[in-house]
J.: 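A single structure is presented below for examination.
Nothing here was measured: the structure is a model prediction, and the numbers come from that model. Quick note: numbers below take in every heavy atom, side chains included, and nothing from hydrogens, waters or symmetry partners. Counting convention: from 1, in listed order, for ligands and their atoms alike.
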Amino acid sequence: MPSEKLDTYFKQVDVMTDSFINRLASAVAIPSVSADPALRPKVFAMGDFLVKELKALGAHVEARELGKQPDHPELDLPPVILARYGEDKSKRTILVYGHYDVQPALKEDGWNTEPFELSVDEETGKMFGRGSTDDKGPVLGWINAIEAHQKAGVDFPVNLLMCFEGMEEYGSEGLDDVIREEASKFFKDAEAVCISDNYWLGTEKPCLTYGLRGCSYYSITVSGPAADLHSGVFGGTVTEPMTDLVKLLGTLVDNKGNILIDGIKDLVAPVTEEELALYPNISFSMDDIYTSLGSKTVIHDDPIKVLQARWRFPSLSIHGVEGAFYNPGAKTVIPAKVTGKFSIRTVPNMELEDVDRLVFAHIDREIAKLNSNNTFKRELMHAGKWWVASPKHWNFEAASKAVQKVFGCVPDFTREGGSIPVTLTFEQATGKNVLLLPMGSSTDGAHSINEKLDKRNYIEGTKLLGAYLHYVAEEKQV
Ligand SMILES: C[C@H](N)C(=O)N[C@@H](Cc1c[nH]cn1)C(=O)O
Ligand SMILES: [Zn+2]
Ligand SMILES: [Zn+2]
């Protein structure tokens, strides 16, 4: 058992707490928003930051350039950063993945603090900042683990391969090809894969995740007049694009979460008795969902139904309207062109092509019903497939032991409502088991305002990642 080495490593992590928080603060200060063309240089800057940190620790680092962004040919895609720490043939080799881009964030969206300044509340231990939990904290967790081993003089237990991308929040543009290409090259020695980019179910108990929903993201564009118009002068004389769009968006889903697109439900695999038996053992209560939501505005009032709605069934969310008036005040404008955006979270056995076919058939039918003289365009913006794996593997076994060592409890085995499409690509390209080992908790507010990572999750999470690697080194391959 790696107990003594682990205790030395844990003590070192505690000693280095402030320095690890400073590292996170430096990373959060780089607004690496992949969706904002104006901030693309910052995504590159964040990649450079990681390269510098990794090289300073003696890792071998290579960058894979991805060329231009297909839907914005004027933009360069940020590189995929590949790194290797350790080349000892007698050790296991583990491949880890994370992303260094973040979701957009503006103070005026409702943040209590500047989103790109890490703001640490010493009383609660909450560390607010965009990317703190998704996914800069976990990515830095791997780097912290390397550094703490060095400083503690504890031999690093495995060879660590790292793959960090800068376009995850924009559909992981270009990454699949790199993974397939490198499976027999940079990643060839990998014996298992670990991804830390999702969240605990609650705030106290860690989990290991073996399933993800997929995400198919669509847009509908409605255009009419050549330019935005005065609603007093032109209201009642022109077919308004926004009126058509609101009608179309209103046909997709009801406020009880039922998807109204014909045929979607038929694509979902029936829930088995075996699966049903797993839910009651999972620590999850209505209070957990209330705390995560910050409200009681739930659709289901039973925790098992909540979990199933999140993991096991598809959902459709309407995200926003480009071109619409959204500022405070009362602007009397008729927008000339509006683009509505929505996505469907997909589950087994929904095939991407079937979902697209049903979505487009539905939109076309609804457009025809409008009898409108506006112009309509509907598009799939990006898609990633769902993933479910078996947690009966030494990779999960090692992570479970690490959770028990660091947190003193047996983790829940969970699925996740969010999507990390490259998980499936890693599994298929390397042929190895993939484990999702989250660092953040259910209240972190990833993608939302006031995103945070608790100090405890960051520091104990850094211990967890290191401990996982020690237990992995000890697991027998079956
Ligand atoms: C779970 C992960 N941290 C995450 O946030 N994934 C994103 C992936 C995505 C899909 N479309 C755009 N980004 C998510 O689930 O929304
Ligand atoms: Zn993420
Ligand atoms: Zn995200």
J.: What is the distance from atom OH of Tyr468 to atom CG of Leu437, rounded to the nearest 0.5 Å?
T.: 7.5 Å
J.: Would you check if the distance from the ring center of Phe407 to the ring center of Trp200 is below 6.0 Å?
T.: yes
J.: Does even one non-hydrogen atom of His447 get within less than 4.0 Å of ligand 1?
T.: yes
J.: Which of the N/O/S atoms in Asp134 sits closest to the Zn ion (ligand 2)?
T.: OD1
J.: So, 2.8 Å as the limit: is an N/O/S atom of His99 located closer than that to the Zn ion (ligand 3)?
T.: no
J.: With a cut-off of 2.8 Å, does Asp135 place any N/O/S atom under that distance from the Zn ion (ligand 3)?
T.: no
J.: Going through the distances and angles, do Lys136 and Ser32 end up as a side-chain hydrogen bond (donor to acceptor under 3.5 Å, both in side chains)?
T.: CA-CA 10 Å; Lys136 290 180 176 177; Ser32 51; 3.0 Å; yes
J.: Show the atoms of ligand 1 that are less than 4.0 angstrom away from any heavy atom in Asp197.
T.: 1 (C), 2 (C), 3 (N)
J.: Indicate whether any N or O donor in one side chain lies under 3.5 Å from an N or O acceptor in the other, for Asn349 and Glu351.
T.: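 Result is no, nothing qualifies.
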J.: Can you tell me if Tyr199 contacts ligand 1 (heavy atom of the residue under 4.0 Å from the ligand)?
T.: yes
J.: Closer than 4.0 Å to some heavy atom of Asp134 - which atoms of ligand 1 meet that?
T.: 3 (N), 5 (O)
J.: Counting non-hydrogen protein atoms only, what is the nearest one to atom 4 (C) of ligand 1? Give residue, atom name and distance.
T.: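 Here the nearest protein heavy atom works out to Ser419 O, 3.7 Å.
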J.: Is His382 close enough to touch ligand 1? Criterion: a residue heavy atom under 4.0 Å from a ligand atom.
T.: yes
J.: Does even one non-hydrogen atom of Asn198 get within less than 4.0 Å of ligand 1?
T.: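 Distance cut 4.0 Å: Asn198 fails for ligand 1.
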J.: Does Asp444 pair with Lys452 as a salt bridge, N-O distance under 4.0 Å?
T.: yes
J.: Just to be sure I'm reading this right: ignoring hydrogens, which of Glu168, Glu169, Arg345 gets closest to atom 14 (C) of ligand 1? Compare them by their nearest heavy atoms.
T.: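 Ranked by closest heavy atom to atom 14 (C) of ligand 1, first place is Arg345.
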J.: Under 2.8 Å from the Zn ion (ligand 2), can any N, O or S atom of Asp197 be found?
T.: yes
J.: Does Asp135 use its side chain to pair, donor to acceptor, with the backbone of His99 at less than 3.5 Å?
T.: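 Confirmed, Asp135 side chain pairs with His99 backbone.
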J.: Step through it carefully: locate the ring centre of Tyr85, locate the ring centre of Phe156, and say whether they are under 6.0 Å apart.
T.: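 Yes, ring centres under 6.0 Å apart.
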J.: Going by an N to O cut-off under 4.0 Å, is there a salt bridge joining Arg64 and Glu181?
T.: no
J.: Counting only nitrogen or oxygen atoms and a 3.5 angstrom limit, does Tyr217 reach ligand 1?
T.: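 Between Tyr217 and ligand 1, no N or O pair is found under 3.5 Å apart.
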J.: Looking at Lys42 and Asp36, does any basic side-chain N land under 4.0 Å from a carboxylate oxygen?
T.: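 A salt bridge is absent here (no side-chain N lies under 4.0 Å from a carboxylate O).
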J.: Among the heavy atoms of Gln103, does any lie under 4.0 Å from an atom of ligand 1?
T.: no
J.: I'd like to know whether the aromatic ring centres of Trp311 and Tyr279 sit less than 6.0 Å apart in this structure.
T.: yes
J.: Could you tell me, atom by atom, which parts of ligand 1 come under 4.0 Å of a heavy atom of Gly418?
T.: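 Here the atoms of ligand 1 in question are 15 (O).
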J.: Looking only at N, O or S atoms, which one in Glu169 sits nearest to the Zn ion (ligand 3)?
T.: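 Going by distance to the Zn ion (ligand 3), the closest N, O or S atom in Glu169 is OE2.
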